[in-house]
2 protein chains.
Amino acid sequence: MAGEKAHHERCEGHGHAHSPHSDVAAMIERARAFAAARKLPFTEMRARVLTVLAREQKPLTAYEITDRLSLPKKVQAVQVYRALDFLQEAGCVHRLASKASYFACDHEHHPGEAVVFMVCSHCGTVQEAPSDLVAQGLHGAAEHAGFKPAHPIVELEGECARCASNPL
Amino acid sequence: MAGEKAHHERCEGHGHAHSPHSDVAAMIERARAFAAARKLPFTEMRARVLTVLAREQKPLTAYEITDRLSLPKKVQAVQVYRALDFLQEAGCVHRLASKASYFACDHEHHPGEAVVFMVCSHCGTVQEAPSDLVAQGLHGAAEHAGFKPAHPIVELEGECARCASNPL
DNA sequence: ACGGTGGTGTAATACTATTACACTTCCCTG
DNA sequence: CAGGGAAGTGTAATAGTATTACACCACCGT
Ligand SMILES: [Zn+2]
Ligand SMILES: [Zn+2]
Ligand SMILES: [Zn+2]
Ligand SMILES: [Zn+2]
């Protein structure tokens, strides 16, 4: 009884102005595969949360997601947090520490990789970019301090190309 | 490298086991200089908050600071947040986004610099290390995306040298 | 049928951060 | 020396983010 939904919920036609995450279905599929690999159910709640994030281009807070899902029936924040935990482990969603919010990811990430989250302070969008240089820098700093690195968080606030060229 | 001076500072309240960042008095002096440069008062509240953080080795949450300052008289969290805002602008305190907590800094930071916060997941201590490589990597990623970078956050969770060599 | 693992729904609570307002202090200037 | 304004304080209330607890249910392997 795991989410049969998610199929007819496509943000299709033309989508938003720019649709980097246009393929919601593919992201759902990725999450479903992760679940299957672990013999865990890919439930409707998980699909609904991922769908909301995949359609949006900006990060959403857990409570914003909760609001969007609260029709027709009220959903509790804790349910959203549970789904977010799963989706983060699945690598389909990231948390933006600087904003305490969450966004969908359509990249594959590899261990040891360092990914830069570029957050536009004007429009709120996030772009991800892996950087070998950053990864090396982190590794070097850690080595120099005798520090055993585990999980990096790299966020860069600034202004995206779109906002820079597009006066409001 | 951070100063490893085993320096004993006098404590105006109760003493503390380990001796943290170099010198509380020097940090106070730095904050005072910043205030003077801007013709702003370096008030008692600001000094008290900075003193608490400078003595501690680990980041503290605003409410933990509030608790420590609430003797002999109860202090409100908002007062601590106000002081933290000032101290962050003065460059004497950083916020750790991944933990929503604050710690004292005894480095001078320069514009364009990228600083890595290495956070031990075992003992909670934070070490700072500037990294040119990380700065270059951030700059490169931004340039490639047409992104105008402003303020980076780089946090690395892991295990510090001390904890790695010191079994619980 | 049974027991165990994992998800759901609900309520309550903990933790983090901000807004509002009345009052004060200090400094500048007229 | 009065007046005004920028900045800080103390207090209360509130907004926003995240977790714990528990009863119940669904699925799976035995
Ligand atoms: Zn990603
Ligand atoms: Zn933008
Ligand atoms: Zn610093
Ligand atoms: Zn440690």
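In what follows, every chain begins at residue 1, and chains take the letters A, B, ... in the order their sequences are listed.
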Shortest non-hydrogen contact between [X] and [Y], atoms and distance:
X      : Y      : value
A:R46  : A:L87  : O-CD1, 3.8 Å
A:P152 : A:E113 : CG-O, 4.4 Å
A:L156 : B:L138 : CD2-O, 4.1 Å

What is the distance, to the nearest angstrom, from the [atom1] atom on [X] to the [atom2] atom on [N]?
X     : N      : atom1 : atom2 : answer
B:R46 : D:dG8  : CZ    : C1'   : 7 Å
A:E44 : C:dT8  : CD    : C1'   : 11 Å
B:R95 : D:dT17 : CZ    : P     : 12 Å
B:M45 : D:dG8  : CE    : P     : 13 Å
B:K73 : D:dT11 : NZ    : P     : 4 Å
A:L84 : D:dA18 : CG    : C1'   : 11 Å
B:Q79 : D:dA12 : CD    : P     : 11 Å
A:K39 : C:dG7  : NZ    : C1'   : 18 Å

Scan [X] against the nucleic acid and name what it touches under 4.0 Å (heavy atoms): base, sugar-phosphate only, or nothing.
X     : value
A:R38 : nothing
B:V78 : base
A:K99 : nothing
A:F86 : nothing

Is B:F103 reachable from B:V154 through a run of I, L, V, M, F, W or Y residues, each pair having side-chain heavy atoms under 4.5 Å apart?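 No, B:V154 does not connect to B:F103 through the hydrophobic network.
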Taking for each residue the nucleotide of DNA chain D bearing the nearest heavy atom, is the 5' side occupied by B:L40 or by A:A77?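 Here B:L40 is the residue nearer the 5' end.
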So, do A:D23 and A:D106 sit near enough that their side-chain heavy atoms are less than 4.5 Å apart?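 Counting from C-beta outward, A:D23 and A:D106 never come under 4.5 Å.
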Taking 4.0 Å as the cut-off, does a side-chain nitrogen or oxygen of A:Q76 come that near to OP1 or OP2 on C:dG9?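 A:Q76 to C:dG9 OP1/OP2: no side-chain N or O under 4.0 Å.
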Under-4.0 Å side-chain N/O to phosphate OP1/OP2 contact, A:T61 with D:dT17: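 Answer is yes, contact under 4.0 Å.
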For B:Y81 and C:dT18, do the ring centres fall under 5.5 Å apart while the planes stay under 30° apart?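 Here the ring of B:Y81 and the base of C:dT18 are not stacked, as the 5.5 Å and 30° limits are not both satisfied.
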Can you tell me if B:Y63 is stacked onto the base of C:dC15, using a 5.5 Å centroid cut-off and an angle below 30°?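 Given the distance and angle limits, no, they do not stack.
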Kindly point out which of C:dA20, C:dG9, C:dT16 is positioned nearest to the side chain of B:R82?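 The listed nucleotide nearest to B:R82's side chain is C:dA20.
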